[in-house]
Amino acid sequence: MKKSIIHGVIILAMTTFAGCDKYLDKLDNPNLVTDPPINGQLATVTYETGMNCYRMGDVTSYFTQYLASNQQASDADIYNEVDYSTTWSNFYAAMMNIRQMIDKADATSAFQHRGVGKILMAYNLNMLVTTFGDVPYSEAMQGQQLLVPKFDSQTDLLQTSLLLLEEGIADLQLTGASVELGTSNDVIHGGNAEAWIKTAYALKARFLNQLSKTSAYDPAQILSTLENAYTSNGDDAALIAFDGRSPWNQAAYDNTQLLLDGWLSSQFVDALNGTTFGIEDPRLPKIATLTQFGDYRGTPNGAGRIGTGTDDEESYLSLDGYYSKGGAPILLVTYAEMKFIEAEAAFHNNDKATAYAAYLAGINAHMSKLGVSDADRNAYVNNPAVSVGEDDLTLDLIFKEKYVAMFLNPESWVDMRRHDYQYKDFDLPEHAAMNTFIRRVAYPTIEISRNGANVPTITGLDEKLVWDE
């Protein structure tokens, strides 16, 4: 019953905002309801933010080689410029709706909605910045009043994201809100303000960890922040209700209908099937389909499929898999991620005991999340290749296990760049358009066509963003 209510609220809220998906038009379209109920706005912004996690993950998962195209030399696989105008528009449409909710909350003393809005704004903005670099923000989302907003610097926007989180936490801690979060309207945390505060701290830890290659990196601050973040898998921020099939379930279903999608990269499959590390990971059957040969085989990025695409010679996202089954959640931020952030920060803080305990806890948390049996989990964790002891723990091991736990999440591409792609046997895609790994994406044509004078010039897709230098 609750799922049906949530679904109905989403449809109502999405219908409220139907008619235009370009952020510059959102305030001036006469077809839009000008004063929607604030809990209707909450349904829209939580749903669209969760979908943006999927949308960005669908872009970056080819760079992290979770996924591979079935077509040889596909542009996304081999680092050719791809026009991500739709992704860009979806993000700014969501951020426009978030801005409207924040403004309404500010005018009506709906402090909880304002707090959630700022946290969601920080989340969307950070994904844009870590993908595109400089983006419009301070002059954006003003409707037709400003058609050519300036691009703010990455450095400023990374700080803005952190400030938004701090303000969101403060708002959620206020008492006397004029209206509380609707439990069936919030499709991420079910109207739980305390859960949102934990998520804000989790995101703060993530954002601070993104600075690991800069002088601003402070592992002690990250460890302190984590004390207020997640304590179990039950705290995870996840989109749990959908308009139809959940997105990765749709990809898996499409593949069974010969609309080829959801193909797994050989890099990811080999990391789990024993090829790369000499140990079979029990999470692979929770994700991938078996081939006709009774094993798991990926598709090399850039190479395209081996067979016809219909004969199960490669592994795909499974219709029964954790990430791609019916109603599979979109995971925005997780407890497992927090444990790996803790492991990395403690490692840099010269606290090997804490780092090692967090590293093992992250593996265990993710396996529990996917439903791996206790026996299989223990066999994997107790293998000497995994349980190396705190003295032999390395950053490579932490990043390797985090790579598995962050499957399909766009934050994994941030990790890839922070770790300079130093994963075992991680190679450039076949037919790669560059002789080095991708570091950013190009600005979309939709922005160049209407705001070209302000769009920054880039040197190529190997150009490093400020936190990656």
Side-chain angles (χ1 to χ4, degrees), residues 53-69 74 76-80 82 84 87 126-133 154 158 205-214 217 264-272 276-277 287 298-302 323 331-334 336-338 340-341 343-345 347-348 359 362 366 394-430 432-442 460-469:
C53 177
Y54 154 72
R55 291 161 180 147
M56 192 64 83
D58 196 29
V59 171
T60 62
S61 287
Y62 293 90
F63 307 151
T64 55
Q65 296 187 23
Y66 289 136
L67 302 178
S69 174
S74 171
D77 261 353
I78 68 169
Y79 305 159
N80 278 331
V82 175
Y84 294 117
T87 303
N126 182 268
M127 277 196 287
L128 278 179
V129 172
T130 55
T131 303
F132 291 96
Q154 302 164 54
L158 291 172
R206 174 192 283 185
F207 295 174
L208 292 171
N209 202 49
Q210 291 171 349
L211 306 177
S212 62
K213 295 173 75 172
T214 76
Y217 181 69
L264 296 174
S265 168
S266 59
Q267 164 61 33
F268 179 72
V269 173
D270 287 354
L272 277 70
T276 304
F277 295 99
I287 296 171
T299 300
N301 289 78
Y323 295 94
L331 301 175
L332 285 74
V333 198
T334 67
E337 178 189 356
M338 294 305 105
F340 288 116
I341 290 175
E344 183 182 348
F347 187 95
H348 285 300
Y359 155 79
H366 186 244
T394 63
L395 281 176
D396 284 346
L397 275 172
I398 294 170
F399 273 89
K400 175 257 183 181
E401 287 293 344
K402 189 180 181 187
Y403 171 70
V404 179
M406 297 292 287
F407 183 61
L408 299 178
N409 192 297
E411 185 64 16
S412 190
W413 189 37
V414 177
D415 290 338
M416 280 264 168
R417 289 171 287 171
R418 289 193 305 109
H419 200 47
D420 289 320
Y421 289 89
Q422 296 302 301
Y423 298 77
K424 186 178 180 182
D425 296 341
F426 197 96
D427 298 319
L428 286 168
E430 296 186 26
M434 304 188 298
N435 60 7
T436 187
F437 292 106
I438 189 169
R439 297 285 181 167
R440 61 162 304 136
V441 301
L461 302 189
D462 57 349
E463 178 183 272
K464 293 185 177 182
L465 302 181
V466 294
W467 50 269
D468 184 31
E469 295 174 348

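No hydrogens, no waters, no symmetry mates; every other heavy atom, side chains included, goes into these values. Keep in mind that what you see is a predicted model, and the values were worked out from it rather than measured.
Taking the six-membered ring where the residue is Trp, F399 and H419 present parallel rings, their angle staying beneath 30° rather than reaching 60°. Aromatic ring pairs are classed by plane angle as parallel below 30°, tilted from 30° to 60° and perpendicular above 60°; the pair F268 and Y403 is perpendicular.
Two residues are said to be in side-chain contact when any heavy atoms from C-beta on lie closer than 4.5 Å; T130 and W467 meet this criterion. With contacts defined as side-chain heavy-atom distances shorter than 4.5 Å, the pair F63/V441 qualifies. Using a 4.5 Å heavy-atom threshold, the side chains of Q65 and D427 count as separate. Residues L158 and F207 have side chains not in contact (no heavy-atom distance under 4.5 Å, counting atoms from C-beta outward). K400 has its side chain out of reach of K424: every pair of non-hydrogen atoms, C-beta onward, lies at least 4.5 Å apart. You'll find the side chain of L264 reaches within 4.5 Å of the side chain of F407, heavy atoms only. Side-chain atoms of D425 and D270, non-hydrogen and from C-beta on, never get closer than 4.5 Å to each other. The closest side-chain heavy-atom distance from H348 to Y217 is below 4.5 Å.
The two residues T214 and V466 have their closest heavy-atom pair at CG2-O, 4.3 Å. Contact detail for Y66 and S412: the closest heavy-atom pair is OH-OG, 2.7 Å. For the residue pair S266 and P300, the shortest heavy atom distance occurs at OG-CA, 3.3 Å. Closest of all the heavy-atom pairs between F347 and T394 is CE1-CA, 4.0 Å. Summarising the geometry of I78 relative to G302, their closest heavy-atom pair is CG2-CA, 3.9 Å, with the distance given to 0.1 Å. A pairwise comparison of heavy atoms in M56 and P410 identifies CG-CB, 3.7 Å as the closest pair.
One finds the CD atom of Q267 at 10.0 Å from the CG atom of L272 (value rounded to the nearest 0.5 Å). Atom CD1 in I438 sits 9.5 Å away from atom CG in D462 (nearest 0.5 Å). In this structure, CG on L428 lies 6.5 Å from OG1 on T436, to the nearest 0.5 angstrom. One distance of note links OH of Y359 with CD of E401; it measures 5.0 Å at 0.5 Å rounding. Residue E411 holds its CD atom at 7.0 Å from CD1 of I341, rounded to the nearest 0.5 Å. Separating the CG atom in N301 from the OH atom in Y79 is a distance of 7.5 Å, to the nearest 0.5 Å.
A side-chain contact (heavy atoms from CB on, under 4.5 Å) with Q210 is found for exactly one of V414, L465, D415, namely V414. No option in R439, R417, R440 other than R439 meets the salt bridge (charged side-chain N to carboxylate O under 4.0 Å, His left out) test with D468.
Two rings, from F437 and F426, have their centers less than 6.0 Å apart.
Between the D77 side chain and the S69 main chain, a donor and an acceptor come within less than 3.5 Å of each other. Put simply, the side chain of N409 gets close to the backbone of L331: a donor and an acceptor are under 3.5 Å apart. With T64 contributing its side chain and W413 its backbone, the two residues share no donor-acceptor pair below 3.5 Å.
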Audit row: D420, K213, side-chain contact (heavy atoms from CB on, under 4.5 Å) steps and yes/no: CA-CA 10 Å; D420 289 320; K213 295 173 75 172; 2.9 Å; yes

